[in-house]
Q: 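Sharing a structure here in structure tokens format.
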Amino acid sequence: RIHGVYERTGRSCQDKPVYRQRSTIDSLFLHSPGFEHQWNIGPVACDNSPRLKWMERYSVAETAEELDNSTWFETSPTSSWVKNSNIVIAPCPAEVASVVR
């Protein structure tokens, strides 16, 4: 459910763009709280609360298009945060960022 295609929205967090997951009923957001050097995926944009982010990675990138394929951390039923090096960020046409497993 976290993995998928994320499209840039008109919203921003501290001047960094917010991306919304495409084609799901309960969309998630890919965003970077402006005061943090990290990108998060969760149900609420611009909220850095551990309860409201299901995946995170540390990066100084200003946009999702600038993210490289470094390690992400995701929540797990057996542990609070687990490294996942299999996440790939790849730009798609029309300002779309995709997160694909």
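Computed from heavy atoms alone, side chains included, the values below leave out hydrogens, waters and symmetry copies. Source: prediction; values computed, not measured.
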Q: For Thr63, which residues count as a side chain to side chain contact (heavy atoms under 4.5 Å, CB included) partner, sequence neighbours excluded?
A: Arg8, Pro17, Tyr19, Glu65, Glu66

Q: About how many Å separate CD of Glu62 and CG of Leu67, when rounded to the nearest 0.5 Å?
A: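 Interatomic distance, Leu67 CG to Glu62 CD, rounded to 0.5 Å: 10.5 Å.
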
Q: Does the Ser85 side chain pair with the main chain of Thr71, one donor and one acceptor, at a distance under 3.5 Å?
A: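 Judged by distance alone, no pair lies under 3.5 Å.
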
Q: Which residues satisfy the side chain to side chain donor-acceptor pair (under 3.5 Å) test with Ser49, sequence neighbours excluded?
A: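 In terms of side chain to side chain donor-acceptor pair (under 3.5 Å), with neighbours along the sequence ignored, Ser49 is linked to no residue.
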
Q: What distance do Trp72 atom CH2 and Asn40 atom CG have between them, rounded to the nearest 0.5 Å?
A: 7.5 Å

Q: Cluster partners of Val60, using ILVMFWY side-chain heavy atoms under 4.5 angstrom, listed by chain and number?
A: none

Q: Between Trp54 (side chain only) and Leu28 (backbone N and O only), is there a donor and an acceptor less than 3.5 Å apart?
A: no

Q: Could you work out, with side chain to side chain contact (heavy atoms under 4.5 Å, CB included) as the rule, every residue matching Phe29, not counting sequence neighbours?
A: Arg11, Val18, Arg20, His31, Ala45

Q: If you compare all heavy atoms of Cys13 against all heavy atoms of Ser32, which two are closest, and at what distance to 0.1 Å?
A: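 That would be CB-O, 3.4 Å.
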
Q: When you compare the side chain of Thr75 with that of Trp81, does any pair of heavy atoms fall below 4.5 Å?
A: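 SC-SC contact between Trp81 and Thr75 confirmed.
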
Q: Tell me the closest heavy-atom pair linking Asn84 and Asn86, and the distance in Å.
A: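 Result for this residue pair: OD1-N, 2.8 Å.
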
Q: Does any part of the side chain of Asn48, heavy atoms only, come nearer than 4.5 Å to the side chain of Gln38, both counted from C-beta?
A: yes

Q: Using the salt bridge (Lys or Arg N to Asp or Glu O under 4.0 Å) criterion, which residues pair with Asp15? Sequence neighbours excluded.
A: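 Salt bridge (Lys or Arg N to Asp or Glu O under 4.0 Å) list for Asp15, sorted by chain: empty.
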
Q: For residues 48-60, which residue pairs qualify under salt bridge (charged side-chain N to carboxylate O under 4.0 Å, His left out), counting only residues two or more places apart or in two chains?
A: Lys53-Glu56, Arg57-Asp68

Q: Looking at every non-hydrogen atom in both residues, tell me the closest pair between Ser59 and Ala61 and how far apart they are.
A: OG-N, 3.0 Å

Q: What heavy-atom pair brings Ser12 and Cys46 nearest, and what distance separates the two atoms?
A: O-SG, 3.8 Å

Q: How far does CD1 of Ile41 sit from CG of Leu52, to the nearest 0.5 angstrom?
A: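 Result: 14.0 Å between the selected atoms.
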
Q: What's the spacing between Phe73 CZ and Lys83 NZ if we round to 0.5 Å?
A: 5.0 Å

